[in-house]
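Report on the structure given below.
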Protein chains: 2
Amino acid sequence: MAKTSKKQTYRIRGRIWIESNNEAFLGSGRVELLEKVKEYGSISKAAKAMKMSYRQAWELIDSMNSKAKNPLVIKQSGGKNGGGASITEAGEEAISTFKNLREEMFQFLEMKNKNLKV
Amino acid sequence: MAKTSKKQTYRIRGRIWIESNNEAFLGSGRVELLEKVKEYGSISKAAKAMKMSYRQAWELIDSMNSKAKNPLVIKQSGGKNGGGASITEAGEEAISTFKNLREEMFQFLEMKNKNLKV
DNA sequence: TAGCGTTATTCTTTTAAAGGAATAACGATG
DNA sequence: CATCGTTATTCCTTTAAAAGAATAACGCTA
């Protein structure tokens with residue numbers, strides 16, 4: 001069999017996140033979770049929508065709340081409909097801050113990809 | 001005990017890498033490994049210097065070589081001093097391409113960190 | 001005060017990644 | 001042709017992360 005040449009496609013990729021005291025604070029997954037909590041008003045439903053265990057979702061939110069100056073998510077256990085969760089103003093700001101940042105990174109990567117040598 | 005307020009330091013962090021056909025090709029660890037191979041002329045010594053198992057180092061180099069247009073590392077098993085490994089011109093270029101890219105990302109992050117809101 | 005669906009928490013199991021050990025293969029060299 | 005230190009490869013163990021199960025706690029509501 002003859003040696004075949006394969007055309008390879010090279011691409012620069014990147015990931016960005018925000019730390020608080022050198023620990024994970026905000027990343028893509030966490031921000032997506034915040035958006036789902038906003039959409040559903042519930043941690044358990046948000047977790048289900050992301051095919052994530054409730055425990056992990058709870059832990060992520062607990063981590064974010066403890067690291068933010070003000071909580072990003074307000075939770076209520078018990079009460080009407082069993083309770084629920086909602087996003088604070090600080091939570092809204094966290095979402096937009098991170099998404100803007102990520103978008104700028106994508107633009108940076110796109111530019112660098114254009115003149116990537118191998 | 002009174003409630004104490006903790007001053008938190010927030011920081012944007014990022015990571016960058018190059019893929020070939022959507023698979024890892026070049027990242028910080030791989031490039032550092034290339035540099036060590038260049039320095040020591042040996043995969044096993046490079047691995048030891050990075051406190052990495054020889055197997056992992058070998059696999060990383062095998063992966064890079066198979067994904068690059070031309071091999072980044074030339075290996076010889078057996079022979080003088082048992083053999084060894086060295087960096088090709090393509091390997092040198094891969095190192096500098098990636099390190100330049102990463103440096104530009106750091107500058108990007110530094111700029112974004114300066115006007116980071118929370 | 002029983003029922004509901006949520007949040008909150010612990011424990012166990014499962015799965016995946018990393019690490020380590022062992023050994024074969026290699027080729028120049030004396 | 002035995003020795004050497006490397007590359008090459010397989011197998012097993014260990015470790016860490018993720019997943020899942022189970023249950024308590026909560027507070028409104030009827």
Side-chain angles (χ1 to χ4, degrees), chain A residues 15 17 19 22-25 27-68 70-88 90-91, chain B residues 15 17 19 22-25 27-68 70-88 90-91:
Chain A
R15 193 176 108 69
W17 66 94
E19 296 185 355
N22 297 315
E23 291 179 347
F25 171 46
S28 292
R30 288 169 183 236
V31 166
E32 185 181 348
L33 180 59
L34 289 179
E35 292 181 308
K36 297 294 184 192
V37 168
K38 178 182 178 181
E39 180 178 358
Y40 294 107
S42 150
I43 295 177
S44 65
K45 284 175 186 161
K48 193 164 298 184
M50 290 183 68
K51 296 183 201 296
M52 172 189 294
S53 70
Y54 169 81
R55 203 192 54 175
Q56 184 177 0
W58 182 88
E59 284 172 350
L60 289 174
I61 289 171
D62 196 57
S63 164
M64 285 187 273
N65 272 350
S66 72
K67 283 163 185 156
N70 300 301
L72 308 186
V73 176
I74 295 290
K75 299 169 285 181
Q76 181 185 359
S77 75
K80 191 175 181 181
N81 296 324
S86 60
I87 301 296
T88 64
Chain B
R15 194 175 108 69
W17 66 94
E19 296 185 353
N22 297 316
E23 289 179 348
F25 170 47
S28 293
R30 288 169 184 236
V31 166
E32 185 182 348
L33 180 60
L34 289 179
E35 292 181 306
K36 297 294 184 193
V37 168
K38 178 182 179 182
E39 180 178 358
Y40 295 106
S42 152
I43 295 177
S44 65
K45 284 175 186 160
K48 193 163 298 184
M50 290 183 67
K51 295 183 202 300
M52 172 189 293
S53 71
Y54 170 81
R55 204 192 52 176
Q56 184 176 1
W58 182 88
E59 284 172 348
L60 290 173
I61 289 171
D62 196 56
S63 164
M64 285 187 273
N65 272 351
S66 71
K67 284 162 184 157
N70 301 301
L72 308 186
V73 176
I74 296 290
K75 299 168 285 181
Q76 180 185 358
S77 75
K80 192 175 184 181
N81 296 325
S86 59
I87 299 297
T88 66

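Only this structure's heavy atoms are used, side chains among them; waters, hydrogens and symmetry mates stay out. Labels below follow one simple rule: chain letters A, B, ... track the order of the sequence lines, proteins then strands, and each chain is numbered from 1. The structure displayed is predicted, hence computed values, not measured ones.
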- Query: Of all the nucleotides listed (D/dA19, D/dT7, C/dG19), which has the minimum atom distance to the side chain of B/Arg55?
  - Reply: C/dG19
- Position toward the 5' end of DNA chain C (nearest nucleotide), A/Gly83 or B/Gly82: A/Gly83
- Item | N/O (side chain, B/Ser42) to phosphate O (OP1/OP2, D/dG5) under 4.0 Å | no
- Check the distance between C/dG20's C1' and B/Glu59's CD and give it to me in whole angstrom. 13 Å
- Message: With a 3.5 Å distance limit and no angle check, can you tell me whether B/Gln76 reaches the backbone of B/Gly78 through a side-chain donor-acceptor pair?
- Response: yes
- Whole Å only: how far is the CG atom of B/Leu60 from the P atom of C/dG19? 11 Å
- Within the pair A/Lys75 and C/dT6, is there a side-chain N or O less than 4.0 Å away from OP1 or OP2? no
- Note on the structure: Interatomic distance, OG@A/Ser28 vs CG@A/Leu33, rounded to 0.5 Å, equals 12.5 Å
- Item | Between D/dG20 (P) and A/Lys48 (NZ): distance, integer Å | 12 Å
- Task: Let me know the distance between NZ of B/Lys80 and P of C/dA28, rounded to the nearest Å.
- Result: 12 Å
- Are any side-chain N or O atoms of B/Glu32 and backbone N or O atoms of B/Leu34, one a donor and one an acceptor, separated by less than 3.5 Å? no
- Item | Residue pair A/Glu59, A/Arg55: steps toward the side chain to side chain contact (heavy atoms under 4.5 Å, CB included) verdict | CA-CA 6 Å; A/Glu59 284 172 350; A/Arg55 203 192 54 175; 4.0 Å; yes
- Message: How many whole angstroms separate atom CH2 of A/Trp58 from atom P of D/dA22?
- Response: 21 Å
- Please report, rounded to the nearest Å, how far the C1' atom of C/dT10 is from the CD atom of A/Gln56. 17 Å
- Assert: residue with more 5' nearest nucleotide on DNA chain D, out of A/Ser77 and A/Ser53, is A/Ser53
- Message: Strictly below 4.0 Å: does A/Ser44 bring a side-chain N or O up to OP1 or OP2 of C/dT7?
- Response: yes
- Spell out, as yes or no, whether a donor-acceptor pair under 3.5 Å connects the side chain of B/Lys67 to the backbone of B/Glu19. no
- Note on the structure: note: A/Tyr54, atom OH; D/dA19, atom C1'; distance rounded to Å ~ 16 Å
- Task: Find the distance A/Asn81:CG to D/dA30:P and express it as a whole number of Å.
- Result: 11 Å
